[in-house]
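To find a chain, count down the sequence lines: A is the first, B the second, and so on, and within it residues start at 1. In what follows, every heavy atom counts, from backbone to side chain, and hydrogens, waters and symmetry copies are set aside.
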There are 2 protein chains.
Amino acid sequence: MKFVKIPSIVITRLSTYARNLKILEQKGVDVVSSVRLADICGTNPAQIRKDLAYFGQFGVKGVGYYVKELLFEIGKILGLDKEWRLGLVGVGNLGLALLRHTHFMNHGYTFVAAFDEKPERIDIRIGDIEVAPLEAINRLVKEKGVEIGVIAIKPVWAQKAADMLVMAGVCGIVNFAPIQLQCATHVFIENVDFSLKLDILCYRLTSARSRQRR
Amino acid sequence: MKFVKIPSIVITRLSTYARNLKILEQKGVDVVSSVRLADICGTNPAQIRKDLAYFGQFGVKGVGYYVKELLFEIGKILGLDKEWRLGLVGVGNLGLALLRHTHFMNHGYTFVAAFDEKPERIDIRIGDIEVAPLEAINRLVKEKGVEIGVIAIKPVWAQKAADMLVMAGVCGIVNFAPIQLQCATHVFIENVDFSLKLDILCYRLTSARSRQRR
DNA sequence: TAAAAATTGTAAAAAAGGTAACAAAAAAAG
DNA sequence: CTTTTTTTGTTACCTTTTTTACAATTTTTA
Ligand SMILES: NC(=O)c1ccc[n+]([C@@H]2O[C@H](COP(=O)([O-])OP(=O)(O)OC[C@H]3O[C@@H](n4cnc5c(N)ncnc54)[C@H](O)[C@@H]3O)[C@@H](O)[C@H]2O)c1
Ligand SMILES: NC(=O)c1ccc[n+]([C@@H]2O[C@H](COP(=O)([O-])OP(=O)(O)OC[C@H]3O[C@@H](n4cnc5c(N)ncnc54)[C@H](O)[C@@H]3O)[C@@H](O)[C@H]2O)c1
């Protein structure tokens, strides 16, 4: 079999498809065409069909896609058919919000550990989680089976936290700090970047305004 | 002059360049070459030069780019040479974290208003901000000059909040709710999407594991 | 049962985006 | 002062991604 590299953007879209299929499922919709789904997702039908074609054939000609079935298949592709265990580094403003956010738990993601510089200051217990000191990362990542690290500390400390997570065996990191993390190539990093999005908006608003003036 | 459409991704990279130039400036670096900057930003030098070429000539042949000057110019391009006023909808877990986050204020972004369904429940005052009921959006957006709306409420309510913001005259929205907002074409929307990033990581980890097994 | 309509999967074409290469200019070395 | 080195700005080329087009298949209509 020929190896085909799957573009990152395809994965992003698959996640969007899954999200909207879930909504359709809740609404009791059984079958959806690529045209309808594209409309909902804000993309084009051929794109959906081509994205899916990377992984196989999931539709029925003349009919469309069975919502439940496609959702299941995309879940399998993305690896959402299992529980993923998250470990949080930095239980500050943002970190607390993330821990308290129950939405993830309903979607296959569970925080199983949390770390902070000054754990004694933070008296939070959510289910099994107790905030531990940074030094405990190595032990707890293994004990609790942390697979994905979530970094929510100040940019200056973020790299060190990433290094410790990787040393402990974590291969996936979601980084909220506005800084470019440098990790070994076997480690996958995704950034969630609010300021970046603000900057993009500023540019759009600014250039829209200057276009109006002309 | 020929109109050249500037790809979205170029703007994203400009923001990254600006962020790293700021760090270089703080370190006291005066001049940087596209090779060095590319190395720091994790891209390629030709890309940086081409990105900048969309907007003009900012370097000196044989020398490189003057850090302060390039930073200033990129700031001007992105529209960061002014204060931007933000209005928050949803002062819950995430919303509070955003309000309390002072980083933005140091970078040209200021929250000037905050709205919640049950404002009486939330006793927070940060500077001039007092949490107001949703009905006050129209009045306060105008009074406080809100230019960018930040949505941090449950997905089901997000569209309504967006509509109200747009009605009040807001043309830029950063949306934290995991839902596709539908707005008029003159409104710019940027999504900050944690679950999406988690899904991408899951896919990468899953496919890396299945590759190992082979 | 036959014709028309709907819709997928995929090949081919078109568009967009990224990379390499190099002339031009400045600085450094000889 | 001349040659070599450094480095930008830009063109041409290459790669990736998106869109179009259509045969193949199923369902619906007549
Ligand atoms: N708060 C937000 O709304 C927001 C939004 C976008 C991005 N961010 C980013 O998220 C990160 C965290 O923001 P925040 O507002 O929660 O900050 P914060 O200061 O409220 O929290 C940081 C927490 O990390 C802990 N900490 C500090 N150094 C540490 C270390 N070396 N190891 C472990 N823990 C350590 C602190 O004790 C604190 O509890 C920052 O990088 C920020 O830029 C925050
Ligand atoms: N908490 C997180 O870490 C996190 C992370 C990623 C995304 N999100 C998303 O951000 C959004 C908010 O999350 P949260 O954890 O802060 O939720 P939350 O329930 O803590 O807060 C929601 C707030 O919005 C208010 N509200 C409800 N309906 C409203 C309405 N119609 N108008 C105005 N205010 C209204 C509520 O009173 C509450 O204060 C959600 O869409 C969530 O999916 C949250």
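Closest to the side chain of A/S33, out of C/dA24, C/dT8, C/dA27, is C/dT8. When each of D/dA12, D/dT18, C/dA26 is scored by its nearest atom to the side-chain atoms of B/K50, the top-ranked nucleotide is D/dA12. Distance from the side chain of B/K61 is smallest to C/dA24 among C/dT19, C/dA24, C/dT10. For A/Y65, the listed nucleotide lying nearest its side chain is C/dG9; candidates were C/dG9, D/dA12, D/dT26. Set against C/dT8, C/dA26, D/dT8, the side chain of B/R49 has D/dT8 as its closest nucleotide.
In terms of position on DNA chain D, the residue among A/G62 and B/A46 whose nearest nucleotide sits closer to the 5' end is B/A46. Map A/N44 and A/V63 each onto its nearest nucleotide of DNA chain D; the residue landing nearer the 5' end is A/N44.
When the side-chain nitrogen and oxygen atoms of A/S34 are compared with OP1 and OP2 of C/dT7, none of them lie within a distance under 4.0 Å. Taking 4.0 angstrom as the limit, B/Q57 places a side-chain polar atom (N or O) nearer than this to OP1 or OP2 of D/dT10.
Across the protein-nucleic acid pair, A/L52 atom CG and C/dG9 atom P stand 7 Å apart, rounded to whole Å. Computed from coordinates, the A/I48 CD1 to D/dT17 P distance equals 18 Å when rounded to whole Å. For the pair B/I9 CD1 and C/dT19 P, the interatomic distance rounds to 11 Å; values are reported in whole Å. Going from atom CG of A/D51 over to atom C1' of C/dG9 covers 13 Å, rounded to whole Å. In this entry the distance linking CD of A/Q47 with C1' of D/dT17 reads 8 Å, nearest Å. What separates OH of A/Y54 from P of C/dA11 is a distance of 13 Å, to the nearest Å. Between the CD1 atom of A/I6 and the C1' atom of D/dT18 there is a distance of 17 Å, given to the nearest Å.
Between the side chains of B/Q159 and B/D163, at least one donor N or O lies within less than 3.5 Å of an accepting N or O. Between B/R204 and A/S8, the side chains place a donor N or O and an acceptor N or O closer than 3.5 Å (distance only, hydrogens not considered). Side-chain polar atoms of A/Y65 and A/D30 form no donor-acceptor pair below 3.5 angstrom. If you check the side chains of B/S34 and B/R49, you find a donor sitting under 3.5 Å from an acceptor.
Among the atoms of the strands shown, only primed sugar atoms or phosphate atoms (P, OP1, OP2) are found under 4.0 Å from some heavy atom of B/R13. Residue contacts shown for A/P7 are limited to sugar-phosphate atoms, with no base heavy atom under 4.0 Å away.
Here D/dA21 sits opposite C/dT10 as a Watson-Crick or G-U wobble pair (both hydrogen-bonding atom distances under 3.5 Å).
Contact of the B/V63 side chain with the B/V31 side chain is registered, since non-hydrogen atoms from C-beta on lie closer than 4.5 Å.
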